[in-house]
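A short worksheet on the structure shown next.
Keep in mind that what you see is a predicted model, and the values were worked out from it rather than measured. Nothing fancy with the numbering, it's 1 onward along the sequence.
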Amino acid sequence: MCARFEVTPRALRYYEYIELLSPERVGRARYYGPREQARLTLILRARRLEFPLEDVRQWLSLYNSTEGNTEQLTDLIERANEQREVLQSRIAHLRAAIEELQQFESWAKDKLAQG
């Protein structure tokens with residue numbers, strides 16, 4: 001499981017501890033079936049998008065639910081929009097920083113060429 005999803009055993013144990021995962025246990029061994037693998041995929045996707053773990057918990061409850069969750073889905077959409085704006089802002093700041101570095105590098109190269 002660790003190799004397949006590129007996570008540490010500690011991360012898996014933590015997700016189990018906070019009840020995001022619940023693998024079958026036989027003695028000290030843990031068995032991660034298709035359900036747990038799907039849950040881990042959602043957890044890792046949400047973490048890559050920098051969502052807090054409490055949001056991940058809500059996503060997982062929606063993923064397993066068969067009843068109408070209009071309010072929860074609406075909240076999820078709002079959180080996704082907010083997170084997209086945060087990431088887009090970060091991208092803009094990173095692009096500006098890269099441009100600044102390129103200008104600094106050009107300045108340094110010009111100084112070397114003069115000197």
Min side-chain heavy-atom separation Arg84-Asn81 under 4.5 Å: yes

Mind checking whether Pro23 and Met1 have side chains closer than 4.5 Å, heavy atoms only? no

With rounding to the nearest 0.5 angstrom, report the CG to CG distance, Leu94 to Leu101. 10.5 Å

Minimal heavy-atom distance between Arg47 and Leu53, with the atoms involved, is CD-CD2, 3.5 Å

Are the side chain of Thr74 and the backbone N or O of Thr70 linked by a donor-acceptor pair below 3.5 Å? yes

Crowding at CD, Glu6 (>12 non-hydrogen neighbours, <6.0 Å): no

In this structure, are over 12 heavy atoms from other groups packed under 6.0 Å from Gln103 atom CD? yes

How close do Leu49 and Leu87 get, counting heavy atoms only, and between which atoms? O-CD1, 4.1 Å

Provide the closest heavy-atom pair for Ala80 versus Phe51 in the form atom of the first, atom of the second, distance. CA-CZ, 3.8 Å

Sequence-distant partners of Gln83, side-chain hydrogen bond (donor to acceptor under 3.5 Å, both in side chains), two or more places apart: none

Backbone N or O of Ala29 within a donor-acceptor pair of the Arg25 side chain at under 3.5 Å? no

Can you find a pair of side-chain heavy atoms, one from Glu16 and one from Tyr32, that are under 4.5 Å apart? yes

If you draw a 6.0 Å radius around CD in Glu19, do more than 12 non-hydrogen atoms from other residues or ligands fall strictly inside? no

Check: Arg10 and Tyr14 side chains under 4.5 Å, non-hydrogen atoms: no

Measuring from Leu73:CG to Trp59:CH2, what's the distance to the nearest 0.5 Å? 11.5 Å

Please check if the number of heavy atoms outside Glu99 that lie under 6.0 Å from its CD is greater than 12. yes

Using side-chain contact (heavy atoms from CB on, under 4.5 Å), reason through Arg95 and Ile98 one step at a time and then give a plain yes or no. CA-CA 5 Å; Arg95 284 186 176 141; Ile98 289 169; 5.5 Å; no

Shared hydrophobic cluster, Val7 / Tyr17 (ILVMFWY, side-chain heavy atoms < 4.5 Å): yes

Between Arg57 and Ile18 (side chain of the first, backbone of the second, donor and acceptor by atom type, cut-off under 3.5 Å), is there such a pair? yes

What closest approach, in Å, do Asp55 and Arg79 show between heavy atoms, and which atom pair accounts for it? OD1-NH1, 3.0 Å

Name the residue from Thr41, Leu12, Ile43 that meets the side chain to side chain contact (heavy atoms under 4.5 Å, CB included) definition with Phe5. Thr41

Quick one: closest heavy-atom pair of Ala46 and Val56, and the distance? CB-CG2, 3.4 Å

Got a salt bridge between Glu105 and Lys109, using NZ or NE/NH1/NH2 to carboxylate O under 4.0 Å? yes

Kindly indicate whether the side chain of Arg13, heavy atoms from C-beta on, has any atom under 4.5 Å from the side chain of Arg30. yes

Minimum side-chain heavy-atom gap Asp75-Gln58 below 4.5 Å: yes

Over all heavy atoms of both residues, which pair between Arg35 and Ser22 is shortest? Give the atoms and the distance, please. NH1-OG, 3.6 Å

